[in-house]
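A short write-up of the structure that comes next.
Letters go in sequence order (proteins before strands), and every chain restarts at 1.
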There are 2 protein chains.
Amino acid sequence: MNCNVPTDIVFSFTGFSTRGGQTDTHHDGWGIAFFEGAGVRHFVDHEAAVSSPVADLIKRWPIKSKNVIAHIRKATQGRVALENCHPFVRELWGRYWVFAHNGDLKDFFPQLEGPFRPVGSTDSERAFCYLLQELGRRFGSTQPGLPALRDALRELSNHIAGFGTFNMMLSDGSALFVHCSTSLYYIVRQHPFATAKLADEDLSVDFSEVTTPKDRVAVIVTAPLTCNEHWTPFAQGELQVFVDGAPLPA
Amino acid sequence: MNCNVPTDIVFSFTGFSTRGGQTDTHHDGWGIAFFEGAGVRHFVDHEAAVSSPVADLIKRWPIKSKNVIAHIRKATQGRVALENCHPFVRELWGRYWVFAHNGDLKDFFPQLEGPFRPVGSTDSERAFCYLLQELGRRFGSTQPGLPALRDALRELSNHIAGFGTFNMMLSDGSALFVHCSTSLYYIVRQHPFATAKLADEDLSVDFSEVTTPKDRVAVIVTAPLTCNEHWTPFAQGELQVFVDGAPLPA
């Protein structure tokens, strides 16, 4: 989720976490990270989201954030363990970066000899370390502007996607970078707001009651969360940047 | 807390978190990190621990860990914000490192041009980044053995303590490094276990009922948590390493 004002994710997370072991088979752990200014609240658990006490807390506690990344895991590489749960967090350029991956990379073992080394044993964390290592190499000690960052991430993501499925999300708390390898959708909710109905649970929310006309919220997912809204599919190989609740113009 | 078997910290955290705004003035945020294997559960909040929904969860949820670092904050440098809450987490040598600091460092602005840059604005995070940067410089890409690491951390901590108070804890999930600048105490609980009574709340626990004879748990604190046990004070300038619930022999 990427927004122009701090927004809670209780509605979307309720539908999403149901897929972690109940309406879907992603039951090998889960995680969520909320940016709050430069800080991050990071929750991971190797239990299924549907039965996790932390997931229960998050469903009841409206943490407000402009950038949130959540993930439910189906283990492909790396055992079911806390260190293998997404999202992953690292620091680069004095900012925290949060990353989650959907997919499976075959034989992806990049040289990681710099400051970013995987702690767990997933292809996903290797890809994250590789992205940050290469960004550091290209841009040195100072974070570049968004267009340069987008171009670099597009090129690096295309390279990684050569090893397998690489649907990914990455954020530094100011922008949300999304790469689609096979399947991702997004929606931008803005004035006039309507009622949305979850696909996975019997729950609706009238967003006009909980928003102001200036609010704008983009939600990006692997499969649409609601059954009565139009979700836009990404093209295969597309990399998009979301800022203040909308895709950045090309 | 450092233990030889995964142990929950519910009892200690109950007394500890009461100091975060109720029996003490450390009300500018709090945090706790639990190692679970190589992974870390990291909770931070800029609200007072005594009224935080996450602190409430942790008081009720017996997360078991061999290494836990918790912190309640009284802001000296850096505003009350999530990115300034301890403990801080960074990765070095493919392991997560967790750090918390009690004290105040004056004019401590080391050159941090390498891979560890502060996200927030505290003296504490600068000290943490400095420690990891210098460890990386000394030992290169491979983590050294405990004695070498202890010697290096002793020297680096003494240097930092030249700028002010530097009571700190640091862990990579296998050992807990503790430096005392002004005030720290520890206790090793082992067989035969007895009953302990919290100093800050009317709560006791008979550890013999919740342990096995092989269990050993070291708890290190800035001020003793219980009123009926003997806590050993650290010497000023002392750096100690705890492994499997006991101090490492010199």
Do A/Asp244 side-chain atoms and A/Asn4 backbone N/O form a donor-acceptor pair below 3.5 Å?
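Answer holds: no.
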Between [Y] and [X], is there a side-chain donor-acceptor contact under 3.5 Å, judged purely by atom types and distance?
X: B/Arg117; Y: B/Gln133; result: no
X: B/Glu201; Y: B/Thr18; result: yes
X: A/Asn84; Y: A/Glu125; result: no

Do NZ/NE/NH1/NH2 and the carboxylate oxygens of B/Glu155 and B/Arg138 come within less than 4.0 Å?
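Salt bridge between B/Glu155 and B/Arg138, a charged N being under 4.0 Å from a carboxylate O: yes.
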Just give me the residue among B/Gly120, B/Gly114, B/Ser141 that pairs up with chain A most often, heavy atom to heavy atom, under 4.5 Å.
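Top option by heavy-atom pairs under 4.5 Å: B/Ser141.
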Under a 4.5 Å cutoff for heavy-atom pairs, which residue among B/Glu91, B/Glu36, B/Arg90, B/Glu83 has the most contacts with chain A?
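Of B/Glu91, B/Glu36, B/Arg90, B/Glu83, B/Glu91 has the most heavy-atom pairs under 4.5 Å with chain A.
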Identify which part of A/Ala38 has an atom lying under 4.5 Å from any heavy atom of chain B, answering side chain, backbone, both or neither.
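Interface part for A/Ala38: both.
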Quick one: are the ring centres of A/His101 and A/Phe166 less than 6.0 Å apart?
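That pair passes the under 6.0 Å test.
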Are A/Phe177 and A/His179 near enough that their ring centres are under 6.0 Å apart?
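Not under 6.0 Å, so no.
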Heavy-atom pair count under 4.5 Å with chain B, highest-scoring of A/Trp61, A/Phe116, A/Trp93
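Option with the top pair count is A/Trp61.
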Only heavy atoms, only distances under 4.5 angstrom. Which residues in residues 39-53 of chain A are near chain B?
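So the qualifying residues are A/Gly39, A/Val40, A/Arg41, A/His42, A/Phe43, A/Val44, A/Asp45, A/His46, A/Pro53.
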Minimum-distance pair of heavy atoms, taken over all atoms of B/Val80 and B/Arg73:
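Reported closest heavy-atom pair: CA-NH1, 3.8 Å.
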